[in-house]
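Take a look at the structure below.
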Amino acid sequence: MQYILLIYDNEQNWANLSEAERNAMYQEYGELGQSLAKSGRYKAGEELKPTATATTVRVRNGKVQTTDGPFAETREQLGGFYLVEAKDLDDAIAVAARIPSVRNGCVEVRPINPHP
């Protein structure tokens, strides 16, 4: 079964890391990605640009409306994701626990609902 692992963290915390700390975390992410790919579990994953670059789109009464940024202000912002193959929820949680940002933020684990 496929699961999406949504990585949330406070963007300000990331911005406050030193270059060495960021590079160390990127290295951890690289090692995790390589490990998941080697095991055949990795399906997709990306880091997202900061929320300041986001645009929210709605259609109301047939009219397209856009606003800058995310809809709701939160302490933690969506910063990236992994799409992985896991045998069950416990297996997906074990992968989520290996994501470096889980130490400061959180990872939401959600099963993919396949459609034919």
Side-chain angles (χ1 to χ4, degrees):
M1 177 170 226
Q2 290 187 348
Y3 289 84
I4 192 160
L5 311 178
L6 301 168
I7 304 164
Y8 291 90
D9 203 349
N10 184 314
E11 289 177 346
Q12 194 58 47
N13 290 346
W14 181 256
N16 290 335
L17 292 177
S18 70
E19 184 176 349
E21 290 169 320
R22 265 194 302 279
N23 288 339
M25 191 168 280
Y26 277 135
Q27 183 173 343
E28 285 185 71
Y29 269 104
E31 291 166 1
L32 175 60
Q34 288 175 356
S35 171
L36 292 172
K38 195 176 208 179
S39 70
R41 301 169 82 175
Y42 178 86
K43 300 300 175 192
E46 292 294 338
E47 177 183 4
L48 301 177
K49 296 274 188 182
T51 55
T53 66
T55 301
T56 299
V57 179
R58 292 178 182 74
V59 176
R60 300 293 186 265
N61 299 318
K63 201 168 183 182
V64 176
Q65 302 172 353
T66 61
T67 55
D68 292 340
F71 176 66
E73 288 197 26
T74 61
R75 291 184 194 181
E76 296 174 327
Q77 295 78 34
L78 179 61
F81 71 94
Y82 282 102
L83 179 61
V84 299
E85 187 72 35
K87 59 186 171 194
D88 57 26
L89 177 60
D90 289 336
D91 190 30
I93 290 170
V95 174
R98 295 172 54 198
I99 296 173
S101 291
V102 78
R103 294 190 299 263
N104 299 314
C106 66
V107 176
E108 179 182 347
V109 177
R110 294 179 74 176
I112 297 297
N113 191 13
H115 291 278

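The residues of the chain are indexed from 1 along the displayed sequence. As a basis for the values below, the full set of heavy atoms in this structure was taken, side chains included, without hydrogen atoms, waters or symmetry mates.
- A donor-acceptor pair shorter than 3.5 Å cannot be found between the side chains of Arg41 and Ser35.
- Side-chain atoms of Asn10 come within 3.5 Å of backbone atoms of Arg75 as a donor-acceptor pair (strictly under, hydrogens ignored).
- The minimum heavy-atom distance linking Met1 with Glu85 is given by the pair N-OE2, 2.7 Å.
- Heavy atoms only, all atoms of each residue included: Thr51 and Glu11 are closest at N-OE2, 2.7 Å.
- The number of heavy atoms from other shown groups lying within 6.0 Å of CD (Glu19) does not exceed 12.
- Heavy-atom minimum distance, Thr67 versus Arg58: OG1-NH1, 3.9 Å.
- Scanning all heavy atoms of the two residues, the minimum distance from Pro100 to Leu32 falls at CD-CD2, 4.3 Å.
- To the nearest 0.5 Å, atom CE of residue Met25 and atom CG of residue Asn104 are 5.5 Å apart.
- For the atom pair CG (Leu78) and CG (Asp9), the distance works out to 11.0 Å, reported to the nearest 0.5 Å.
- Here the side chains of Val84 and Gln2 are not in contact, with every heavy-atom distance at 4.5 Å or above.
- Annotation for Arg22: atom CZ counts as buried by contact number, over 12 foreign heavy atoms lying within 6.0 Å.
- At a threshold of 4.5 Å between side-chain heavy atoms, the hydrophobic network of Ile, Leu, Val, Met, Phe, Trp and Tyr places Ile4 and Ile93 in two separate groups.
- Shown here for Ala86 and Tyr3, the closest heavy-atom pair between the two residues is CB-CD1, 3.7 Å.
- Judged as a ring pair (Phe, Tyr, Trp, His ring centres under 6.0 Å), the pairs with a partner in residues 25-67 (not counting sequence neighbours) are, in order, Trp14-Tyr26.
- Side chains of Val95 and Tyr82 form no contact here, defined as non-hydrogen atoms less than 4.5 Å apart.
- Side chain of Asn61 to main chain of Lys63: no donor-acceptor pair is present (N/O by atom type, distance under 3.5 Å, no hydrogens or angles).
- Using a 4.5 Å heavy-atom threshold, the side chains of Val57 and Val64 count as touching.
- Put simply, Leu89 and Val102 are part of the same group of oily side chains (I, L, V, M, F, W, Y) that touch within less than 4.5 Å, one to the next.
- Distance alone, capped at 3.5 Å, places no donor-acceptor pair between the Gln34 side chain and the Glu31 backbone.
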Test side chain to side chain contact (heavy atoms under 4.5 Å, CB included) on Glu76 and Glu108 and set out the steps. CA-CA 12 Å; Glu76 296 174 327; Glu108 179 182 347; over 6 Å; no
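- In this structure, the side-chain contact (heavy atoms from CB on, under 4.5 Å) partners of Ala96, at least two apart in sequence or on a different chain, are Leu5, Val107, Val109.
- In terms of heavy atoms, Phe81 sits closest to Ile7 at N-CD1, 4.1 Å.
- Evaluation of the salt bridge (charged side-chain N to carboxylate O under 4.0 Å, His left out) rule for Glu47 yields no partner, not counting sequence neighbours.
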